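Working notes, beginning with the structure itself.
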Amino acid sequence: MQPKHRTAKRPSADEQVKTWMSLMAEWDALSRELEAARTVKIGRAEAAVLARMQTVKERIDAFLGRAAQERRPVKGPIVMGTFTPSSGEEID
């Protein structure tokens, strides 16, 4: 009997979108929290939020790095250029 090989599953596009949206929501929440900490002028609270934002930034950078490594070529035609009517008339 042959051993079954396990391969790492690539995350689906939906999972990637959900991860990105989650990271952005967390970043936005921390941004609001930072603004509140600055308004109150509590140095320690501001420093704590900045430290948490740094960890989220590192997670965002890691996510973007993985996404860049997993890029796949586009299969199929890519249309670029300007569309012109077949009659030769100008398009406004």
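In this text, all values refer to a predicted model and were calculated from it rather than measured experimentally.
- Annotation: the span from Thr55 atom OG1 to Ile60 atom CD1 amounts to 9.5 Å, rounded to 0.5 Å.
- Here Trp27 pairs with nothing under the ring pair (Phe, Tyr, Trp, His ring centres under 6.0 Å) rule; sequence neighbours left out.
- For Lys57, the side chain to side chain donor-acceptor pair (under 3.5 Å) test picks out Asp61, with sequence neighbours left out.
- For Thr19, the side chain to side chain contact (heavy atoms under 4.5 Å, CB included) partners are Leu23, Phe63, not counting sequence neighbours.
- Among residues two or more places apart in sequence or in another chain, the side chain to side chain donor-acceptor pair (under 3.5 Å) test is passed with Arg52 by Glu33.
- Residue Arg32 holds its CZ atom at 11.5 Å from CD of Glu35, rounded to the nearest 0.5 Å.
- One distance of note links CD of Glu15 with OG of Ser22; it measures 13.0 Å at 0.5 Å rounding.
- Screening residues 18-28 for salt bridge (charged side-chain N to carboxylate O under 4.0 Å, His left out), with sequence neighbours left out, gives Glu26-Arg59.
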